[in-house]
2 protein chains.
Amino acid sequence: MPKPSPKSSGSLLSLDRQLCFAVYSTAHAFARRYKPLLDALGLTYPQYVVMLVLWEEDGLTVGDIGARLLLDSATLTPLLKRLEAAGLLTRERDPEDERRVRIRLTDAGRELRAKAESVPRAIGCATGLDLAEMERLQGELLKLRDALG
Amino acid sequence: MPKPSPKSSGSLLSLDRQLCFAVYSTAHAFARRYKPLLDALGLTYPQYVVMLVLWEEDGLTVGDIGARLLLDSATLTPLLKRLEAAGLLTRERDPEDERRVRIRLTDAGRELRAKAESVPRAIGCATGLDLAEMERLQGELLKLRDALG
DNA sequence: CACTATTAAATCGCGCACGATCAAATCGTG
DNA sequence: CACGATTTGATCGTGCGCGATTTAATAGTG
């Protein structure tokens with residue numbers, strides 16, 4: 001008779017064996033944790049991530065942002081329009097190449113960075129992990145993501 | 001002068017330090033990998049996860065499913081209606097307690113399980129991880145999720 | 001130079017995900 | 001038994017996320 005698996009009695013189709021579900025539900029758990037912090041900034045999580053990119057490098061095109069975040073223009077265009085409506089950035093065609101749209105922070109957009117400074121530490125505490133563990137886990141996830149991608 | 005951090009030159013607000021972004025973008029990478037496999041079954045990823053739950057235990061209420069998947073009725077009700085329209089399950093009020101709605105697989109719903117059997121292995125290969133690594137990473141993620149939760 | 005191919009962004013449609021609200025059924029307490 | 005509180009699911013509005021298509025600008029080719 002075949003030796004039974006030491007862990008998890010179900011088949012490979014069992015929910016508790018799905019690495020993907022662990023990633024999926026952890027992403028939602030993060031979103032719920034971020035929400036009250038980001039509400040104070042008037043941002044959603046995807047908007048916050050776009051602002052992170054722009055705080056690192058301003059004047060990117062829609063495509064540049066999409067390449068960093070793995071999102072396409074169908075997602076970014078409406079999101080960027082909402083950030084523009086909120087007064088955090090401007091969108092204008094690049095005169096060098098009219099196909100491109102350059103995204104630039106406004107003063108309000110740059111000033112929001114100071115308020116956002118406290119967010120990573122608050123989330124970090126909530127994870128219950130120390131910095132080294134977080135970096136190791138992050139590295140494994142990015143490796144997995146790139147293997148999938 | 002302060003000793004510079006050995007890794008990652010940016011601040012805590014830098015995208016490449018955000019564990020959350022690693023989880024978020026890995027979840028999307030998984031979704032993209034699953035899509036062609038699930039298209040063959042006529043399911044989206046969230047629908048597939050609901051089917052996983054029902055293949056393990058049939059006759060659950062909407063709330064039972066939500067508790068397992070951490071989703072609420074605003075997400076599940078329309079999703080379940082689509083699965084009902086696809087002929088995979090039935091939705092009916094529990095005569096014992098008319099507030100509850102019992103979800104039951106149809107024959108077609110049960111039969112779909114056989115087709116789904118090949119999905120986890122195909123995904124597992126794409127991760128580039130062996131079973132032990134997958135289980136360890138999954139365990140760490142669930143621990144993180146519950147800490148956030 | 002004309003013409004095609006490619007690229008960048010916008011648009012449309014659909015399906016989550018969730019906060020807020022609502023209606024109905026049930027439970028609890030007096 | 002009556003009546004307020006709780007539970008369960010449905011509904012509505014907003015914002016992603018992405019496949020498919022469209023439009024405009026640019027690059028490449030004969």
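Atoms considered below: every heavy atom in the structure, side chains included; atoms not considered: hydrogens, waters and symmetry mates. Throughout, protein chains are lettered first and strands after them, A, B, ... in sequence-line order, and every chain is numbered starting at 1.
Taking the charged nitrogens against the carboxylate oxygens, A:R68 and A:E57 do have a contact shorter than 4.0 Å, which makes a salt bridge. Salt-bridge annotation for A:K35 and A:D39: present, with a side-chain N of the basic residue lying under 4.0 Å from a carboxylate O of the acidic one.
With 3.5 Å as the limit, one finds no donor-acceptor pair spanning the side chains of B:R100 and B:T61.
Taking atom CZ on B:R102 and atom P on D:dA10, their separation rounds to 13 Å, with Å as the unit. Between the OH atom of A:Y34 and the P atom of D:dC16 there is a distance of 16 Å, given to the nearest Å. Atom pair A:D97:CG and C:dT7:P shows a separation of 12 Å (rounding to whole Å applied). C:dA8 atom C1' lies 13 Å from atom CD1 of A:I65, rounded to whole Å. Atom-to-atom, CG of B:D94 to P of D:dG9 comes out at 9 Å; the value is rounded to the nearest Å. Here D:dA24 presents its C1' atom at 10 Å from CD of A:E98, a figure rounded to the nearest Å. Rounded to whole angstrom, the span from the CG atom of A:L60 across to the P atom of C:dA8 amounts to 14 Å. Here the P atom of nucleotide D:dG19 and the CZ atom of B:R33 are 14 Å apart, to the nearest Å.
For B:T61, the listed nucleotide lying nearest its side chain is D:dG9; candidates were D:dG9, D:dT26, D:dT8. Of all nucleotides listed (D:dT11, D:dG9, C:dA9), D:dT11 comes nearest to the side chain of B:K81. The side chain of B:R93 has D:dA10 as its nearest neighbour among D:dT8, C:dA9, D:dA10.
Ring geometry, B:Y45 versus A:Y24: the interplanar angle exceeds 60°, so the pair is classed perpendicular (tilted spans 30 to 60°). Using the six-membered ring where Trp is involved, B:Y34 and B:Y48 have ring planes that are tilted, between 30° and 60° apart.
Taking the nucleotide of DNA chain D with the nearest heavy atom to each of A:E96 and B:V62, the more 5' of the two is matched to B:V62.
Atom CZ of B:F21 and atom CZ of A:F30 lie 13.0 Å apart (nearest 0.5 Å).
You won't find any donor-acceptor pair under 3.5 Å spanning the side chain of B:R100 and the base of D:dT8, going by distance alone. Side chain A:S73 to base C:dA10: a donor-acceptor pair is found below 3.5 Å.
Counting non-hydrogen atoms under 4.0 angstrom, A:R91 reaches the backbone sugars and phosphates but no base.
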At a cut-off of 3.5 Å, list every protein nitrogen or oxygen paired with a nitrogen or oxygen from nucleotides 13-19 of chain C, distance to 0.1 Å.
| unit_1 | atom_1 | unit_2 | atom_2 | d |
| --- | --- | --- | --- | --- |
| C:dC16 | OP1 | B:T44 | OG1 | 2.7 |
| C:dC16 | OP2 | B:Q47 | NE2 | 2.8 |
| C:dC16 | OP2 | B:R82 | NE | 2.8 |
| C:dC16 | OP2 | B:R82 | NH2 | 3.1 |
| C:dC16 | O5' | B:R82 | NH2 | 3.2 |
| C:dA17 | OP2 | A:Y24 | OH | 2.6 |
| C:dC18 | OP1 | A:R32 | NH1 | 2.8 |

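Looking at A:E133 and A:L137, their side chains never come closer than 4.5 Å, going by heavy atoms from C-beta outward.
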